[in-house]
Amino acid sequence: MLGAKRYWPPGPLLSPGLPLALTLLALRAGSAQEGTEPVLLEGECLVVCEPGRAAAGGAGGAALGEAPPGRVAFAAVRSHHHEPAGEIGNGTSGAIYFDQVLVNEGGGFDRTSGSFVAPVRGVYSFRFHVVKVYNRQTVQVSLMLNTWPVISAFANDPDVTREAATSSVLLPLDPGDRVSLRLRRGNLLGGWKYSSFSGFLIFPL
């Protein structure tokens with residue numbers, strides 16, 4: 001410290017915690033001799049680990065940098081307007097396909113069928129955004145749970161060049177349940193570029 005007195009030769013260095021430790025020892029000895037109640041002092045705290053808590057990387061925990069168990073998420077988009085070879089019927093009826101998969105954590109999304117298969121039991125969130133282009137027809141898009149239409153969204157303005165059918169929903173799923181989008185009315189023959197379909201696991205059950 002600037003301006004502090006210096007002594008030579010230097011004396012032994014004292015640990016910052018030594019005075020506190022000596023005080024505690026003195027109080028402990030006095031308590032044992034006099035039979036008084038323990039004295040609580042304010043000071044530094046010690047971190048005590050819970051004996052029943054799983055260590056990181058052990059049973060019930062994940063090591064730092066590892067993915068926690070049960071992490072599931074996907075996102076897929078349509079990067080061009082018209083269907084490639086092999087997607088027969090897409091744009092007129094049936095399942096809506098997405099050619100570009102951005103995220104597929106957990107491997108639940110199948111690009112070939114355009115559907116998501118739940119890998120674990122839990123509550124999931126889904127959202128879709130299906131664009132119709134240069135199309136004066138009403139378009140109805142349904143989110144399907146297996147063969148059951150859960151929700152539908154419509155795009156029915158004949159005076160715009162681009163319009164989207166958009167909706168979202170929370171669903172409880174069992175392993176193996178399949179979620180997909182199906183065109184139930186109208187067509188997407190003008191194209192459906194920039195359409196998207198995404199979902200993720202909120203929590204397991």
Side-chain angles (χ1 to χ4, degrees), residues 60-135 137-156 162-205:
L64 184 63
E66 292 183 359
R71 190 169 69 178
V72 181
F74 77 94
V77 298
R78 190 72 184 188
S79 63
H80 54 84
H81 279 305
H82 299 289
E83 60 200 51
E87 294 185 3
I88 305 300
N90 192 15
T92 56
S93 63
I96 298 175
Y97 297 95
F98 297 87
D99 63 300
Q100 187 174 2
V101 179
L102 304 179
V103 177
N104 196 13
E105 189 73 33
F109 186 76
D110 177 22
R111 188 176 69 87
T112 303
S113 64
S115 60
F116 169 79
V117 179
V120 297
R121 185 169 183 262
V123 174
Y124 291 78
S125 173
F126 295 96
R127 182 176 179 84
F128 65 86
H129 181 84
V130 177
V131 180
K132 68 168 187 173
V133 181
Y134 297 108
N135 188 342
Q137 296 189 26
T138 295
V139 168
Q140 178 186 353
V141 178
S142 295
L143 184 139
M144 310 290 294
L145 172 55
N146 300 319
T147 59
W148 174 53
V150 180
I151 56 171
S152 290
F154 298 82
N156 55 8
R162 288 175 174 81
E163 188 182 9
T166 300
S167 193
S168 60
V169 68
L170 302 183
L171 287 178
L173 300 181
D174 290 320
D177 279 344
R178 184 177 296 268
V179 178
S180 61
L181 299 182
R182 184 168 294 272
L183 186 64
R184 296 172 61 84
R185 182 180 177 185
N187 65 68
L188 297 175
L189 292 178
W192 61 101
K193 186 178 180 180
Y194 306 124
S195 298
S196 63
F197 182 31
S198 61
F200 59 90
L201 172 67
I202 300 177
F203 54 84
L205 293 175

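Source: prediction; values computed, not measured.
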Working to the nearest 0.5 angstrom, can you tell me the gap between [X] [atom1] and [Y] [atom2]?
{"X": "Ser142", "Y": "Leu145", "atom1": "OG", "atom2": "CG", "result": "12.5 Å"}
{"X": "Arg111", "Y": "Tyr97", "atom1": "CZ", "atom2": "OH", "result": "11.5 Å"}
{"X": "Ser180", "Y": "Met144", "atom1": "OG", "atom2": "CE", "result": "6.5 Å"}
{"X": "Arg182", "Y": "Ser115", "atom1": "CZ", "atom2": "OG", "result": "10.0 Å"}
{"X": "Lys132", "Y": "Arg162", "atom1": "NZ", "atom2": "CZ", "result": "12.5 Å"}
{"X": "Ser79", "Y": "Asp99", "atom1": "OG", "atom2": "CG", "result": "3.5 Å"}

Quick one: do Thr138 and Arg185 satisfy side chain to side chain contact (heavy atoms under 4.5 Å, CB included)? Show the steps, please. CA-CA 7 Å; Thr138 295; Arg185 182 180 177 185; 4.0 Å; yes
Between [Y] and [X], is there a side-chain heavy-atom distance shorter than 4.5 Å?
{"X": "Ser198", "Y": "His129", "result": "no"}
{"X": "Val139", "Y": "Val141", "result": "yes"}
{"X": "Ile96", "Y": "Ser195", "result": "no"}
{"X": "Leu143", "Y": "Phe128", "result": "yes"}
{"X": "Leu170", "Y": "Ile202", "result": "yes"}

Backbone N/O of [Y] and side chain of [X]: donor-acceptor pair under 3.5 Å:
{"X": "Asn146", "Y": "Arg178", "answer": "yes"}
{"X": "Glu163", "Y": "Asn156", "answer": "yes"}
{"X": "Arg71", "Y": "Glu105", "answer": "no"}
{"X": "Asn104", "Y": "Phe109", "answer": "yes"}

Not counting sequence neighbours, which residues clear salt bridge (charged side-chain N to carboxylate O under 4.0 Å, His left out) with Arg184? List them please.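 Expected list: none.
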Parallel, tilted or perpendicular, judged at 30° and 60°: which one describes the rings of Phe116 and Phe74?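 It falls in the parallel class, under 30°.
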Pair Tyr124-Val72, side chain to side chain contact (heavy atoms under 4.5 Å, CB included): steps then yes or no: CA-CA 9 Å; Tyr124 291 78; Val72 181; 4.1 Å; yes
So which atom in Ala95 and which in Ser113 form the shortest heavy-atom distance, rounded to 0.1 Å?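 Answer, listing the atom of Ala95 first, then Ser113: CB-O, 4.2 Å.
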Return the minimal non-hydrogen interatomic distance between Ser168 and Ile151, and the atom names on each side.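 Closest heavy-atom pair between Ser168 and Ile151: O-CD1, 3.7 Å.
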Walk me through it: do Phe126 and Val179 pass the test side chain to side chain contact (heavy atoms under 4.5 Å, CB included)? CA-CA 9 Å; Phe126 295 96; Val179 178; 3.8 Å; yes
Assess whether atom OH of Tyr194 is packed by more than 12 heavy atoms of other residues, nucleotides or ligands within 6.0 Å.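 For Tyr194, atom OH is not crowded (no more than 12 foreign heavy atoms under 6.0 Å).
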Before giving the answer on side chain to side chain contact (heavy atoms under 4.5 Å, CB included), spell out for Val123 and Leu171 the whole-Å C-alpha distance, their side-chain angles and the decisive distance to 0.1 Å. CA-CA 6 Å; Val123 174; Leu171 287 178; over 6 Å; no
